[in-house]
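Because the structure is predicted, anything quoted here is derived from the model rather than measured. Side chains included, hydrogens not; waters and symmetry mates left out as well; all remaining heavy atoms used.
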Amino acid sequence: MAAFEDFEPIFGEARAVSSDSSLVLPRKFLFRVYAPDPGHLATCVTDFQSTTWVARRSIKQLDDLRENTGIVGSWPEFLDYLASSLKSEDVKLILDRRRKSDGSISAKLVAQKSKGMPLISITLSKLLDADAVEAIANFSLELFKAYKCMKESIAKEEGSSHQSKKAIPEGQNEGARNQRELNSHQRTKYNVHNDDEKLISLSTSGFEMSPEKVTARSKVTNPVVPAYRRAKKRGAILQDSEDEEDQDN
């Protein structure tokens, strides 16, 4: 059976719930589940003020938990389900005073992967005085370490991405720039062509021009010869031909 050498610590928020209306619930509880050694899994739940709860389970105890909750599958699959449940959005800290004969408060951390799935329930013990202070101090330190590790990981990924962009050959950068310039030129040419077509369309789609513009446009683009001049010219040519025939006869 696998141990906990590779178990990554899990941090989260637990919502305090109680059926005892006289019980004043703290505002927030944070929890931490981690492996203090390869053979145990530990849980710490605290409000960082006056209430801190802990639990420590061996591999054998967790295997019993797996059987009691009815989770089938291998041990690694159970650990995956346990981690997924603790990372879900609905982790509760169930507080109850009625089950304790001495009037103290019992507590258990309850989580499930999703609604309808098996419940993971871990019974907790309350710490007092110096033990509670030490647990809170360790929790705070480990939380800061996790934050620092995540921050360094993000910075490393951003650095790798930046180096990858710089590693692109200069020729490819030049080619990309030329392609952008070509695309820009083609778009400009396309826009100018469209503007010309729009101008032509406007000039022939019902917009009336002034008489001066019509006259000027006719003189420049279509110099038509008057009809009487065309007829007279043709008559002169025909007459010349008849005269030439008479002279030949």
Participant: Can you tell me how far CH2 of W53 sits from CG of D47, rounded to the nearest 0.5 angstrom?
Facilitator: 10.5 Å
Participant: Answer yes or no: is there a side-chain heavy-atom contact under 4.5 Å between F11 and L30?
Facilitator: no
Participant: Sub-3.5 Å donor-acceptor pair from the side chain of T46 to the main-chain atoms of T52, do we have one?
Facilitator: no
Participant: Does C149 offer a backbone N or O that forms a donor-acceptor pair with the side chain of S153 under 3.5 Å?
Facilitator: no
Participant: Can you find a pair of side-chain heavy atoms, one from L41 and one from I59, that are under 4.5 Å apart?
Facilitator: no
Participant: Does any non-hydrogen side-chain atom of V17 lie less than 4.5 Å from one of L93?
Facilitator: no
Participant: Looking at P76, is its backbone amide N or carbonyl O close enough to the side chain of Y81 to form a donor-acceptor pair, meaning the two atoms are under 3.5 Å apart?
Facilitator: no
Participant: With the threshold set at 4.0 Å, does a side-chain nitrogen-carboxylate oxygen contact exist between D63 and K60?
Facilitator: no
Participant: Distance from L79 atom CG to D6 atom CG, nearest 0.5 Å?
Facilitator: 11.0 Å
Participant: With no hydrogens and no angle check, is any side-chain donor or acceptor of S84 less than 3.5 Å from a backbone partner on K113?
Facilitator: no
Participant: Using a cut-off of 6.0 Å, state whether more than 12 heavy atoms not belonging to E67 lie near its atom CD.
Facilitator: yes
Participant: With E13 as reference, evaluate K92, K28, R32 under the salt bridge (charged side-chain N to carboxylate O under 4.0 Å, His left out) test and give the passing residue.
Facilitator: K28
Participant: Would you say R66 and W75 make side-chain contact, with heavy atoms under 4.5 Å?
Facilitator: yes
Participant: For the atom pair CG (D96) and OG (S18), what is the distance rounded to the nearest 0.5 Å?
Facilitator: 6.0 Å
Participant: Keeping the roles fixed (side chain from D80, backbone from A83), state whether a donor-acceptor pair exists under 3.5 Å.
Facilitator: no
Participant: Shortest non-hydrogen contact from F48 to S140?
Facilitator: CE2-OG, 3.5 Å
Participant: Looking at F78 and L65, what are the two nearest heavy atoms and their distance?
Facilitator: CZ-CD2, 4.4 Å
Participant: For a quick test of reading the model, state the closest non-hydrogen atom pair linking F4 to D37 and the distance between them.
Facilitator: CB-O, 4.2 Å
Participant: Could you pull out every donor-acceptor pair under 3.5 Å between side chains of residues 122-139 and any protein atom, sequence neighbours left out?
Facilitator:
unit_1 : atom_1 : unit_2 : atom_2 : d
N138   : ND2    : E134   : O      : 3.3

Participant: Check each of I71, L109, V110, L86 against I120 using the side-chain contact (heavy atoms from CB on, under 4.5 Å) test, and report the only one that passes.
Facilitator: I71
Participant: Are any side-chain N or O atoms of Q112 and backbone N or O atoms of M117, one a donor and one an acceptor, separated by less than 3.5 Å?
Facilitator: yes
